[in-house]
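First up is the structure itself, then whatever we jot down about it.
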There are 2 protein chains.
Amino acid sequence: MRGLGDGLMQKPLTVAEQVANVLRESIAEGSLAAGTPLRQDDLAERFGFSRMPVRDALRQLEGEGIVSIHPTEGARVARMDAAEIREIFAVRALLEGEALRLSVPKLGNEELDEAGYVLNQIDAEPNVGRWGSLNRAFHLALYSACGSARLLGLIEAHHNAADRNVRVLLSNVNYRSRSQAEHRDLLTTCRHRDAEAAVRVLRKHLSDRMETLAKAGDGLAGKS
Amino acid sequence: MRGLGDGLMQKPLTVAEQVANVLRESIAEGSLAAGTPLRQDDLAERFGFSRMPVRDALRQLEGEGIVSIHPTEGARVARMDAAEIREIFAVRALLEGEALRLSVPKLGNEELDEAGYVLNQIDAEPNVGRWGSLNRAFHLALYSACGSARLLGLIEAHHNAADRNVRVLLSNVNYRSRSQAEHRDLLTTCRHRDAEAAVRVLRKHLSDRMETLAKAGDGLAGKS
DNA sequence: CCTGGGATACTCGTATACGAGAATCCACAT
DNA sequence: ATGTGGATTCTCGTATACGAGTATCCCAGG
């Protein structure tokens, strides 16, 4: 859970955080496959910094569940099998369902329009790499009125954790169009301020996407 | 969320983790009040180590939401007002409710007996400081069969985050006896393998404890 | 040819050292 | 007396250096 309450606080961007961001993106993008050893020396040399910021970044990513660290053994990109993907999506369904339930009654047109704008951006975005963060932005916009920064932080962390698994399927046009259709359904339901219906749509959306992921992505996450 | 899946993995205990444990315990115990600045130099000197392990420990605790770090400003014990306490308990109710629902059907007598044993330990434990970890052990024992290491990790993290707020009320005999009574109710329901009833008991337990905490602990967490 | 032991190399954890930025405090001028 | 400016101090972030543990690889012996 990275920075439970960030988003508003103006922190001087430190090198360690930049490294963490790049690593997170590289892992999400897929250029760093699951199980890849992350040597501190190598990374330090690649980035042109010393090992200290790299250490901090790895610690941070460990907290997000993206890498796993063993003191003597070093850090590796966290493995993620089908069971793990199901776990993440189950937690997401739980957290996001609750966040949506709390948020919908308090949603203003401002947030709804923002969500709709993001949806259009997704349709117009040719670069697959940016789809993950846009997807996250859409969901968080709908939850933003839930009133619990902690809940939002957990949700964001789990989006990050699952990002790399989502992206591998984005080249599949079917996945993208179905996902977008479900997104628009969800937004419409939210516009009607029907919280329970929205939660049902969301849970089905997550459940369907998860099944697709777990089936298709079973082997590609890499095995030991 | 510290070590999503620890508990079984045998890691060489590093100095940084020891420091983190001591700090976590000190914060939970209350000797480090909310808002207290945590100077790296001071802590390093107190523990007899250099600043590096302290830095790592602080990073880790930040990930757990126990301390907040600002790059130039340093680290402080995270503030926690009544609203934050309610957030934590709301998340706990959500996570633990689901974990219990998943776990109850698969619970063996082994885990149930373990939970009962822990309850007796709580009654027999004179040292208030150990009540927090025993309480956590009881709850986790009931959830242990849920099948999701991720869920258990999140639950553990939120127990740690709320620990210090729980402990301040333990000197109150009423709180302790009522909590124990609710615990025994919960255990009995679990023994009957009635998942939905167990979830209802748990949610009421958490809700009641939260209300007591939020009311009583409103001012004692310290203000700026 | 296979196995066991020892030395080497590698990686992490920790310590020390240096530079930058911010907050504080004091002096001076108005 | 009060406000402003500058210098000092304090703290963190980052770099470099050292020590310990572990895995690996090669060579000798069976």
| task | Find the distance B:I69:CD1 to D:dG13:P and express it as a whole number of Å. | result | 7 Å

| field | Rounded distance in Å - CG (B:D56) to P (D:dC12) | value | 14 Å

| For B:R55 and D:dT11, what is the distance between atoms CZ and C1' respectively, to the nearest whole Å? | 11 Å

| task | Indicate the atoms forming the closest heavy-atom contact of A:A20 with A:A57, along with that distance. | result | N-CB, 3.6 Å

| said: Would you compute the distance between atom CG of B:D56 and atom CZ of A:R59 and round it to the nearest 0.5 angstrom? | reply: 4.5 Å

| query | Would you call A:E87-B:R150 a salt bridge at under 4.0 Å N-O? | reply | no

| query | Once you round it to whole Å, what is the distance between P of C:dG13 and CD of B:E17? | reply | 9 Å

| What residues form a side chain to side chain contact (heavy atoms under 4.5 Å, CB included) with B:E73, not counting sequence neighbours? | B:H70, B:R76

| Quick one: NE2 on A:H139 to CG on A:L206, what's the gap to the nearest 0.5 Å? | 6.0 Å

| message | Nearest 0.5 angstrom please: B:R92 CZ to B:H158 NE2, how far? | response | 9.5 Å

| query | Given D:dT14, is OP1 or OP2 found less than 4.0 Å from the side-chain N or O atoms of A:T14? | reply | yes

| Rounded to the Å, how far apart are A:H70 NE2 and C:dT11 C1'? | 12 Å

| request: Nearest whole angstrom, please: distance from the P of C:dG13 to the CZ of B:R59. | output: 15 Å

| message | For DNA chain D, which residues of residues 37-46 of chain B approach it to below 4.0 angstrom with any heavy atom? | response | B:L38, B:R39, B:Q40

Under-3.5 Å N/O pairs linking protein and nucleotides 15-18 of chain C:
residue, atom, partner, partner atom, Å
C:dA15, OP2, B:S50, N, 2.8
C:dA15, OP2, B:S50, OG, 2.7

| remark: Tightest non-hydrogen contact, residues B:L142 and B:A115, listed as CD2-CB, 3.9 Å

| What integer distance in Å separates A:L58:CG from C:dT11:P? | 14 Å

| Would you say the side chains of B:E156 and B:H159 form a donor-acceptor pair under 3.5 Å? | no

| task | Hey, can you tell me if A:H205 and A:H183 have their rings parallel, tilted or perpendicular (30° and 60° cut-offs)? | result | perpendicular

